[in-house]
Number of protein chains: 2
Amino acid sequence: MVSQRGEGETTSTPLEAADKERARAIPEAAVARLAVYLRVLSGMAESGVTAVSSEELSQAAGVNAAKLRKDLSYIGSYGTRGVGYDVEVLVSHIERILGLTRNHSVAVVGIGNLGHALANYGGFPGRGFPVTALFDVDADLVGIPVGGIPVNHIDEITAICLEREVSIGVIATPPPAAQSVCDRLVSAGVQCILNFAPVVLQVPDNVEVRKVDLAVEMQILSFHVARRADEAVHNSNGGVSVGNNGLGVDGMVIRP
Amino acid sequence: MVSQRGEGETTSTPLEAADKERARAIPEAAVARLAVYLRVLSGMAESGVTAVSSEELSQAAGVNAAKLRKDLSYIGSYGTRGVGYDVEVLVSHIERILGLTRNHSVAVVGIGNLGHALANYGGFPGRGFPVTALFDVDADLVGIPVGGIPVNHIDEITAICLEREVSIGVIATPPPAAQSVCDRLVSAGVQCILNFAPVVLQVPDNVEVRKVDLAVEMQILSFHVARRADEAVHNSNGGVSVGNNGLGVDGMVIRP
DNA sequence: TACCGCTTGTGAACGCATGCACAAAGTCGG
DNA sequence: CCGACTTTGTGCATGCGTTCACAAGCGGTA
């Protein structure tokens with residue numbers, strides 16, 4: 001099984017179909033990296049670079065060269081042995097695989113500090129993601145444009161999302177509102193959600209949720225800080241517990 | 001090797017040391033989930049819930065129950081068979097493992113839209129992460145407090161970070177400035193960095209970087225949108241390419 | 001045209017993470 | 001006090017992702 005992703009490249013099937021078949025087999029982790037490669041490659045293209053080797057590209061992207069080649073192999077064989085990759089060619093193929101050839105209409109819900117920041121990004125970095133609607137509960141915000149887009153009341157979410165064919169919903173509300181907003185987005189046919197609220201969203205299977213959770217990120221870093229401190233203790237004296245916080249991160253002066 | 005994370009729990013070694021030994025063995029993925037469990041548990045505690053089973057907790061956290069138990073087992077055995085876990089106990093143990101018992105001073109660099117949003121979070125969600133310094137290149141911003149903290153010029157970054165013992169640096173600058181800011185943070189002794197700039201940072205081995213990349217998140221979602229659309233085509237007619245953008249995401253009206 | 005050096009693409013091995021299934025261990029009711 | 005029931009903690013198998021190492025393929029050169 002698993003269909004042994006074509007090594008023969010028999011010219012029998014149309015290209016489009018073959019790509020789609022392949023797309024299903026790309027590991028999630030690789031997709032994330034492809035997006036990074038795309039950015040690096042775009043930068044190179046702007047700098048006038050036309051060709052690149054896996055070694056160069058991998059270093060710029062901060063990954064292992066072998067991993068990069070394997071990632072690229074998921075989308076096809078577009079390199080030239082002995083030479084490397086053509087930057088333009090790679091860019092266009094990655095864009096196609098990531099679905100960036102069509103536009104994805106984005107709606108941002110919750111126009112607080114973060115919502116403002118998101119709306120003002122203006123079409124989102126790397127473009128192809130036009131923000132077409134903003135929503136908030138606060139009546140005072142409704143009607144006032146942010147980043148050029150007028151804010152609508154949250155009750156209009158279903159109608160407007162359907163009308164503007166929003167494909168990606170961004171939740172930037174306070175935690176208590178997140179699940180309710182999510183439900184409304186889902187019922188408006190939105191199948192992909194980017195969630196900034198520190199809440200675990202419950203969604204049907206056919207909806208894809210990605211979360212960006214500051215608290216979690218900070219806490220992961222905190223874990224590493226703690227681990228480092230412990231290792232330092234460990235290394236400086238082979239002994240056990242001179243007091244686990246002997247590293248002087250104590251007595252810190254915090255100005256509020 | 002790998003020291004077979006103690007099943008015997010011989011009471012020979014002090015608890016503290018045992019924990020640290022264990023901390024090193026916790027998989028990164030598990031650490032991220034522990035942070036999520038912690039939030040869910042905190043919410044439960046506030047609601048007056050005192051006990052919870054792995055089944056309940058796992059559902060609230062959106063993970064498999066077995067995985068949850070395995071994650072918790074990395075930090076020790078604090079459940080009661082036949083009963084479940086004591087919420088308070090679990091909270092305090094997770095906090096300890098994540099290093100949340102000490103405060104981690106945070107500096108935010110780049111006071112644009114995002115920087116404002118971050119500064120105004122006010123001590124960061126879940127607290128324990130006091131923002132003690134803000135930086136920007138723009139002289140017009142310097143001196144004006146944001147979220148109660150005055151903005152300093154970026155040239156002071158090294159001195160102030162050292163003085164206030166900043167342990168986590170947050171980069172919210174435009175892409176071109178990110179690497180330079182990163183270098184300065186590192187030379188100020190900051191070993192953990194949270195990077196919002198869409199740039200691959202080059203850092204020494206002893207520095208931990210986590211990145212939050214909106215463009216990448218959006219593109220991953222885009223990939224899934226495309227995959228869904230293809231599957232839909234696939235299912236509705238077994239045929240090939242009725243035009244790859246026949247799904248009507250075209251014709252969108254974008255107001256600038 | 002034939003050889004040489006370089007870089008890609010990938011088979012295969014390895015390691016980590018996930019999920020299952022069950023023994024161990026506790027509570028509760030009688 | 002005992003037996004039945006519940007839930008944890010974990011050994012084991014499975015699958016995914018990463019890394020290695022090398023054959024295949026291409027351009028340049030004589």
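Labels below follow one simple rule: chain letters A, B, ... track the order of the sequence lines, proteins then strands, and each chain is numbered from 1.
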- Note on the structure: Contacts of B:E208 meeting salt bridge (charged side-chain N to carboxylate O under 4.0 Å, His left out) (sequence neighbours excluded), chain-then-number -> A:R228

- Apply side chain to side chain donor-acceptor pair (under 3.5 Å) to B:D71 and list each qualifying residue two or more places apart in sequence or on a separate chain. B:R33, B:Y37

- Note on the structure: Residues at least two apart in sequence or cross-chain that pass salt bridge (charged side-chain N to carboxylate O under 4.0 Å, His left out) with A:E28, listed by chain then number, are A:R210

- Query: Taking only residues at least two apart or on different chains, which pairs with a member in residues 55-66 of chain A satisfy side-chain hydrogen bond (donor to acceptor under 3.5 Å, both in side chains)?
  - Reply: A:S53-A:E56

- Separation of C:dT7 P from A:L90 CG (nearest whole Å): 16 Å

- For the pair made of CD1 in B:I75 and C1' in D:dG9, what is the distance, rounded to whole Å? 13 Å

- A:A226: what forms a side-chain contact (heavy atoms from CB on, under 4.5 Å) with it, not counting sequence neighbours? none

- Query: Looking only at atom types and distance, does a side-chain atom of A:S47 sit under 3.5 Å from a main-chain N or O of A:G43, one as donor and one as acceptor?
  - Reply: yes

- Message: For a quick check, with a 4.0 angstrom heavy-atom cut-off, what is the B/S/- contact string for nucleotides 20-30 of chain D, read 5' to 3'?
- Response: BB--BBBS---

- Over how many whole Å does the gap from B:L68 atom CG to C:dA17 atom P extend? 16 Å

- Query: Which residues pass the salt bridge (charged side-chain N to carboxylate O under 4.0 Å, His left out) test with B:R69, sequence neighbours left out?
  - Reply: none

- Interface with DNA chain D, restricted to residues 49-63 of chain A and to heavy atoms under 4.0 Å: none

Name every donor-acceptor pair, under 3.5 Å, that has one atom in a side chain of residues 175-183 of chain A and the other anywhere in the protein, sequence neighbours excluded.
unit_1	atom_1	unit_2	atom_2	d
A:Q179	OE1	A:Q202	N	2.9
A:Q179	NE2	A:D183	OD1	2.9
A:Q179	NE2	A:Q202	O	3.1

- Task: In whole angstrom, give the distance that lies between atom CD1 of A:I26 and atom P of D:dG17.
- Result: 12 Å

- Query: Looking only at side-chain N and O atoms, does B:Y78 come under 4.0 Å of OP1 or OP2 in D:dT7?
  - Reply: no

- So salt bridge (Lys or Arg N to Asp or Glu O under 4.0 Å) across residues 40-54 of chain B, not counting sequence neighbours, yields none

- The residue among B:L57, B:L38, B:L34 that forms side chain to side chain contact (heavy atoms under 4.5 Å, CB included) with B:L90 is B:L57

- Please name all residues satisfying side chain to side chain donor-acceptor pair (under 3.5 Å) with B:T173, sequence neighbours left out, ordered by chain then number. none

- Taken to the nearest whole Å, OH/A:Y37 to P/C:dT8 is 13 Å

- Distance, rounded to the nearest Å, where A:K67 contributes NZ and D:dG17 contributes P: 11 Å

Using atom names, set out every protein N or O paired with an N or O of nucleotides 28-30 of chain C below 3.5 Å, distance rounded to 0.1 Å.
none

- Message: Check the phosphate of D:dC16 against A:Y74, side-chain N and O only, distance under 4.0 Å to OP1 or OP2. Yes or no?
- Response: no

- Between D:dG17 (C1') and B:E28 (CD): distance, integer Å: 16 Å

